[in-house]
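Structure first, then comments.
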Amino acid sequence: MRITRIDLREIRLELISAFETSFGRTTSRRIILVQVFDEAGECGWGECTAPEGPFFSHEFVDGAWEVLERFLIPMVLGRTVDAASEIGELMTRVRGHGMARGGLEAACWDLDARRRGMPLWKLVGGHNPEIACGVSIGIQPSVAVLLEKVELELAAGYRRIKLKIKPGLEREIAESARSRFPSATISVDANSAYRLEDIALIQALDDLQLLMIEQPLDADDLVDHATLQREIRTPLCLDESITSASQARRALDLGACRIINIKLGRVGGFAEAKAIHDGCQARGVPVWCGGMLESGIGRAHNIALSTLPGFTLPGDVSASRRYWQRDIIHPEVRVSPQGTITAPENPGLGFEIDSDYVEQVTGRRLSRST
Ligand code: OSB
Ligand code: MG
């Protein structure tokens, strides 16, 4: 397939409720959508998961736009590949900026699947279209509000509850949820808010039967994560630290984690995500699909990725209605009472793009063609 045109647009969507992590609070999202076209005018959609500010990692919306416009689009435009799996290789000269690369790469996977008339999840290599879903719950104004949210999500069927924590609040958050819901599958996510000197705070969570503790320390610190993992029974899961398949291998060789969260954007797209998945599967390490408060397009990509057989733990892939009053895809993503999403059988993403609504919420745009 030959990529003859690439369009970017920035949309703005208000979150139904603010999402707070140890690094900040998000109330609305600015999201870059990528469209790629082939010589026949067939089109694929991608979403760049870069957030509003450089607080999760170095990436953010305006930086990603700049990198896409100046460097990535010129590397892909006019090029011919046999399959979307080769697109990532065209962009390897750019260091980092996985979310910018991943948005463009994922759009090419959607295009490739549509051209072949097959659902994206099958092209990616998935076997079972039914995926297990969890939720990520931000830091709340009080324990009472938090427990109410957890109760609602468990009642909706979600199979794993992830609670955001930050220094000083970790024990209160995790213990209140554990004592109120003794048999629930619960994990916590610190988004790099701790240092190894805070080890006592992390050890205080070790008796709460948590499924995992996600990314307690710095993204670039595999060594301290390995030290911490030796001192606790609860599995560590890495998110921010895992930016590539080689970084995943190093983390596992060092014993820095026992579980890996795979995010399409953070790792630069499907080819790298699949490589991480394959490496983990070969070593018996469970993986799950993370989320970045995506619109329906990024969510649909996450659903496809989650059908790979090594995704044995529930992901942060949940229903559209938890985020948006109105999503940009039809139908919106729905979760069954059993806490599952079924990947669609239609070609490509398998969801229709609501182009009228996308137009309504579009701010700036850019189009490049051969
Ligand atoms: O660390 O997993 C994270 C959201 C934004 C940035 C980082 C993270 C998250 C989430 C939410 O946990 C996942 C989601 O519901 O999309
Ligand atoms: Mg995380």
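Note that the numbering runs from 1 along the sequence shown for the chain. Ligands are counted one by one from 1 in listed order, and the atoms in each one are counted from 1 as well.
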Please list, chain by chain and in numerical order, all residues satisfying side-chain hydrogen bond (donor to acceptor under 3.5 Å, both in side chains) with Glu345, sequence neighbours excluded. Lys122
Could you pull out all residues at least two apart from Leu13 that satisfy side chain to side chain contact (heavy atoms under 4.5 Å, CB included)? Ile11, Ile31, Ser295, Trp324, Ile328, Tyr357, Val361
Under 3.5 Å, N or O to N or O, is Asn261 touching ligand 1 that way? no
Which is it for Lys263 and ligand 1 at heavy atoms under 4.0 Å: side chain, backbone, both or neither? side chain
Does NZ or CZ of Arg299 come closer than 6.0 Å to the centre of the six-membered ring of Phe351, within 45° of the ring's axis? no
Looking only at protein heavy atoms, which one is nearest to atom 15 (O) of ligand 1, and what is the separation? Tyr323 OH, 2.5 Å
Heteroatom distance test (Arg322, ligand 1): nitrogen or oxygen, under 3.5 angstrom: no
Is NZ or CZ of Arg160 both nearer than 6.0 Å to the six-membered ring centre of Trp288 and within 45° of the ring axis? yes
Residue part near ligand 1, for Lys162, under 4.0 Å between non-hydrogen atoms: side chain
Measure the distance from atom 12 (O) of ligand 1 to every protein heavy atom, then report the residue, atom name and distance (to 0.1 Å) of the closest one. Ser136 OG, 2.9 Å
Treating Glu39 as the side-chain partner and Arg2 as the backbone partner, does any N or O pair qualify as donor plus acceptor under 3.5 Å? yes
So which protein N/O/S atoms does the Mg ion (ligand 2) have within less than 2.8 Å? Asp189 OD2, Glu214 OE2, Asp239 OD2
Nearest non-hydrogen protein atom, atom 4 (C) of ligand 1: Phe19 CE2, 3.6 Å
With a 4.0 Å cut-off on heavy atoms, is Glu214 touching ligand 1? yes
Side chain Gln215, main chain Asp239, donor-acceptor under 3.5 Å: yes
Between Arg30 and Glu52, is there a side-chain N and carboxylate O pair less than 4.0 Å apart? no
Asp206 and Thr234: side chain donor to acceptor below 3.5 Å: yes
Residue pairs, two or more places apart or on separate chains, that pass salt bridge (Lys or Arg N to Asp or Glu O under 4.0 Å) and touch residues 274-294: Asp253-Arg283
Mark yes or no for whether Arg368, through its side chain, and Leu77, through its backbone, hold a donor-acceptor pair below 3.5 Å. no
Residue portion contacting ligand 1 (non-hydrogen atoms closer than 4.0 Å) for Thr26: neither
Does ligand 1 come near enough to Leu293 that some N or O of the ligand is less than 3.5 Å from an N or O of the residue? yes
Is the contact between Thr21 and ligand 1 made by the side chain, the backbone, both, or neither, using heavy atoms and a 4.0 Å cut-off? neither
